[in-house]
Amino acid sequence: MSIPMPKLPEGVEAGKLVFKLLNIRENKVIGRKEVTAEAWHVGLPTPSRVQLREEIAKAMGVDVKQVYVVRVVTEYGRHRSVIEAHVYDDPNIGENVEPLYIKLRNMPKEEAKKIREEMKKRKTEKKAAAKKQ
């Protein structure tokens, strides 16, 4: 006895990432758009944040530097992820507003690893300097 596969929406097929914007809310005070999107990835793993940033930037017609993926929620067995992202009008505002952990999550892994190691090194140096005094 096999388990029936749930019906997939139109246009979704196995082995292909299908991306769709669900909701765009404008936050004029901060100068950003708060985007909710969904990504169907049947037969594929959950897309990386870097890949999702590129998809959102392409869908919104902006530069990747203006997009920060805040949350990705994948339901087990559904082949669907719901994404929350912030798209800034000016990339400098996003750089100043978004917390460091969000910025690190949205970087390629190698780049984020270097920054984390640098921060750890500075922290140990501060502790060593404090002990000397």
Side-chain angles (χ1 to χ4, degrees):
M1 178 178 223
S2 65
I3 299 171
M5 183 146 173
K7 264 202 155 197
L8 298 174
E10 192 176 311
V12 175
E13 55 189 67
K16 183 179 170 188
L17 177 68
V18 178
F19 188 80
K20 181 182 174 188
L21 295 176
L22 298 177
N23 187 19
I24 300 171
R25 196 177 117 223
E26 192 156 353
N27 188 335
K28 292 180 182 181
V29 174
I30 300 176
R32 74 179 180 202
K33 292 174 183 71
E34 295 163 359
V35 177
T36 305
E38 73 178 354
W40 286 89
H41 43 89
V42 179
L44 299 171
T46 302
S48 67
R49 286 178 187 258
V50 174
Q51 189 178 3
L52 292 171
R53 274 181 88 182
E54 291 169 0
E55 289 291 329
I56 291 171
K58 189 168 56 173
M60 298 286 294
V62 297
D63 187 35
V64 176
K65 294 176 183 175
Q66 295 173 256
V67 179
Y68 292 92
V69 176
V70 178
R71 180 179 297 148
V72 180
V73 178
T74 303
E75 297 173 23
Y76 180 77
R78 290 284 320 264
H79 311 290
R80 183 188 115 172
S81 297
V82 177
I83 301 108
E84 291 179 26
H86 295 159
V87 180
Y88 289 88
D89 299 335
D90 181 15
N92 295 330
I93 295 173
E95 190 66 31
N96 294 329
V97 171
E98 289 297 331
L100 179 62
Y101 77 95
I102 295 289
K103 290 187 258 185
L104 289 172
R105 286 179 182 176
N106 282 273
M107 290 179 186
K109 286 186 179 181
E110 301 81 30
E111 195 177 324
K113 187 176 181 181
K114 286 179 188 176
I115 293 172
R116 284 188 182 103
E117 286 172 357
E118 236 177 76
M119 290 170 51
K120 198 174 194 180
K121 185 178 175 183
R122 279 193 222 140
K123 188 175 181 180
T124 54
E125 288 173 356
K126 280 185 181 179
K127 281 185 179 180
K131 282 185 178 181
K132 287 182 181 179
Q133 292 178 353

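Computed over heavy atoms, backbone and side chain alike; hydrogens, waters and symmetry mates excluded. Numbering of residues begins at 1 and proceeds along the displayed sequence.
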Kindly state each residue pair satisfying salt bridge (Lys or Arg N to Asp or Glu O under 4.0 Å) with at least one member in residues 14-28, sequence neighbours excluded.
-> Arg25-Glu34
Of all residues at least two apart in sequence or in a different chain, which pass the salt bridge (Lys or Arg N to Asp or Glu O under 4.0 Å) check with Asp90?
-> none
Looking at Thr124 and Lys121, what are the two nearest heavy atoms and their distance?
-> OG1-O, 2.8 Å
Quick one: side chain to side chain donor-acceptor pair (under 3.5 Å) pairs with a partner in residues 59-76, sequence neighbours left out?
-> Thr46-Thr74, Tyr68-Glu95, Arg71-Glu84, Thr74-Ser81, Glu75-Arg78
Stepwise, does the side-chain contact (heavy atoms from CB on, under 4.5 Å) test hold for Arg32 with Ile93?
-> CA-CA 9 Å; Arg32 74 179 180 202; Ile93 295 173; over 6 Å; no
Note: Arg53 and Val64 closest approach over all heavy atoms is NH2-O, 2.7 Å
Tell me who clusters with Val67, hydrophobic residues only, linked when side chains sit under 4.5 Å apart either directly or through other members.
-> Phe19, Leu21, Ile24, Val35, Leu52, Ile56, Met60, Val62, Val69, Val72, Ile83, Val87
Sorted by first residue and then second, give each side chain to side chain donor-acceptor pair (under 3.5 Å) pair with at least one member in residues 100-118; sequence neighbours left out.
-> Glu118-Arg122
What is the minimum heavy-atom distance between Val42 and Val12, and which atoms define it?
-> CG2-CG1, 3.7 Å
Across all chains, not counting sequence neighbours, the side-chain contact (heavy atoms from CB on, under 4.5 Å) partners of Ile115 are Leu104, Met107, Met119
Given the rule that I, L, V, M, F, W and Y join up when any side-chain heavy atoms are under 4.5 Å apart, are Tyr88 and Val70 in one cluster?
-> yes
